[in-house]
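Data first, discussion second: the structure below is written as structure tokens.
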2 protein chains.
Amino acid sequence: MTTNLREELKAKKQAYVQDEIISAAARLFAERGIRAVTIDDIASSLGYTKSVVYYYFKNKNQVLWEIFNRIHETWMADMQAIVERDIPPDEKLAALIRQHALNVMDRTEWTAIFFRDQSELTESQQATVSERKRTFDRNFRDTYAAGVEAGLFKDIPPVIMAIGIVGMCNQTHVWFKKDKGLSAAEIADHFTAIILDGCRA
Amino acid sequence: MTTNLREELKAKKQAYVQDEIISAAARLFAERGIRAVTIDDIASSLGYTKSVVYYYFKNKNQVLWEIFNRIHETWMADMQAIVERDIPPDEKLAALIRQHALNVMDRTEWTAIFFRDQSELTESQQATVSERKRTFDRNFRDTYAAGVEAGLFKDIPPVIMAIGIVGMCNQTHVWFKKDKGLSAAEIADHFTAIILDGCRA
DNA sequence: ATAAAAATCGACCAACGCGTCAGTTTAGTC
DNA sequence: GACTAAACTGACGCGTTGGTCGATTTTTAT
């Protein structure tokens with residue numbers, strides 16, 4: 001059992017430092033753009049040297065890829081929980097909009113990267129992300145389509161709705177500032193209301 | 001008068017080549033991101049050498065800055081024309097939304113750059129762009145506020161509306177493909193309808 | 001034909017940033 | 001206290017790229 005301590009410590013510290021690095025990287029990436037940020041920048045923003053980053057990550061791409069994966073996991077889990085609920089389409093759409101708006105504003109930096117810097121990934125990573133985004137949009141589309149079917153929504157092409165909604169929410173990452181002006185919850189509620197009033201039959 | 005011919009020809013050719021370069025640059029910048037595009041890439045996409053680009057532009061930043069200026073000029077002219085019209089706020093808002101959506105889809109590449117790569121500009125250029133964006137948003141805000149005043153719109157904070165509208169329109173640059181699926185006009189009309197129905201008192 | 005201006009070429013440089021690596025310090029283990 | 005895995009250091013190699021510069025070709029005016 002004695003050897004376990006070392007392993008445990010290793011795992012814990014590694015997870016912790018990796019989180020630190022990813023957070024710092026995300027902040028800088030979002031602010032200046034991926035290419036404008038050097039590994040040195042990331043490291044020294046944490047008081048580390050470049051080599052430390054390379055000890056915990058294989059290369060710059062892996063740091064970036066981890067950011068993409070984490071944001072996707074969070075968003076997808078939230079979305080899945082809503083989609084599986086047994087509630088009418090209008091309520092479901094409202095919940096989806098609200099949740100996505102909140103998620104975007106909860107981590108504006110990550111959102112900026114996710115929607116802006118996909119081209120910095122490798123070809124195959126890009127393909128994966130595109131597929132994920134499609135799935136994401138599809139949930140909005142399907143929910144809207146179900147609402148049209150049920151006579152709750154106007155007969156607007158669901159694609160348009162999905163694009164519009166996601167666009168509206170995503171762009172908040174540019175303007176939203178925590179602790180300044182309206183709260184994330186208020187903004188999310190307004191957006192939800194605007195869209196739902198705009199598409200009710 | 002003979003010297004004038006020379007000057008004229010020079011001016012015309014220079015304007016032409018500059019346009020070529022800017023268009024090519026915009027296409028590549030939008031696709032791969034500013035930093036991922038070398039001056040060589042721009043030049044050779046036109047069959048030129050790097051030196052040709054440096055003959056017509058001082059440096060990379062000037063090419064980028066020109067893109068930012070041109071898109072601003074176009075958008076602002078269109079917007080100004082609408083703002084000055086003597087029509088009720090709801091019609092005005094509808095016109096603004098429609099026009100912006102169309103402008104975005106007319107030049108998806110330029111839009112991508114404008115909203116994504118501001119951080120690649122110099123500090124003072126960034127300040128200028130931020131100021132311009134504020135002015136742009138303010139026209140949406142003021143128009144909405146006037147509509148609320150006139151009892152046409154719900155009493156939602158105008159800032160929210162402006163953010164939502166611009167976000168909705170901007171994001172289309174990601175999805176919109178000419179000659180595929182719905183036309184730009186159709187999308188613009190749908191967006192306009194959704195928003196206006198969503199905010200009418 | 002010739003001179004002057006405009007346009008283009010191609011070699012070059014210096015800075016920069018990614019990623020490597022051989023070695024050193026730190027901290028649990030026996 | 002010796003041993004070993006983990007964590008970290010600092011210097012360096014190497015490719016890339018923005019930008020320069022003198023030389024050369026092309027165009028226009030006289």
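By convention in this document, chain letters (A, B, ...) are assigned in the order of the sequence lines, proteins followed by strands, and residues within each chain are numbered from 1.
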Original post:
Side chains of B:Asp41 and B:Thr38: is there a donor and an acceptor less than 3.5 Å apart?
Top reply: yes

Original post:
Between A:Asn170 and A:Arg116, is any side-chain donor less than 3.5 angstrom from a side-chain acceptor?
Top reply: no

Short side-chain N/O contact from [X] to OP1 or OP2 of [N], under 4.0 Å:
| X | N | value |
| --- | --- | --- |
| B:Lys13 | C:dT8 | yes |
| B:Lys12 | C:dA6 | no |
| B:Gln14 | C:dA6 | no |
| A:Tyr55 | D:dC8 | no |

Original post:
At under 4.0 Å between heavy atoms, what does A:Phe57 touch on the DNA or RNA strands: base, sugar-phosphate, or nothing?
Top reply: nothing

**OP:** Look at the side chain of A:Thr49 and the base of D:dG10, then say whether one donor and one acceptor between them are separated by less than 3.5 Å.
**Re:** no

**OP:** Look up atom CD in B:Gln118 and atom CZ in B:Arg132, then write down how far apart they are to the nearest 0.5 Å.
**Re:** 10.5 Å

Original post:
Checking A:Lys133 against A:Phe114: charged group under 6.0 Å from the ring centre and within 45 degrees of the axis?
Top reply: yes

Original post:
By side chain to side chain donor-acceptor pair (under 3.5 Å), which residues pair with A:Glu66, not counting sequence neighbours?
Top reply: A:Arg70

Original post:
Between A:Lys60 and A:Ile34, is there a donor-acceptor pair closer than 3.5 Å when you use the side chain of the first and the backbone of the second?
Top reply: yes

What nitrogen or oxygen pairs link the protein and nucleotides 14-19 of chain D at under 3.5 Å?
unit_1, atom_1, unit_2, atom_2, d
D:dG18, OP1, B:Val37, O, 3.4
D:dG18, OP1, B:Lys60, NZ, 2.9
D:dG18, OP2, B:Ile39, N, 3.1
D:dG18, N7, B:Lys50, NZ, 3.3
D:dG19, OP2, B:Tyr54, OH, 3.2
D:dG19, OP2, B:Lys60, N, 3.0
D:dG19, N7, B:Lys50, NZ, 3.1
D:dG19, O6, B:Lys50, NZ, 2.5

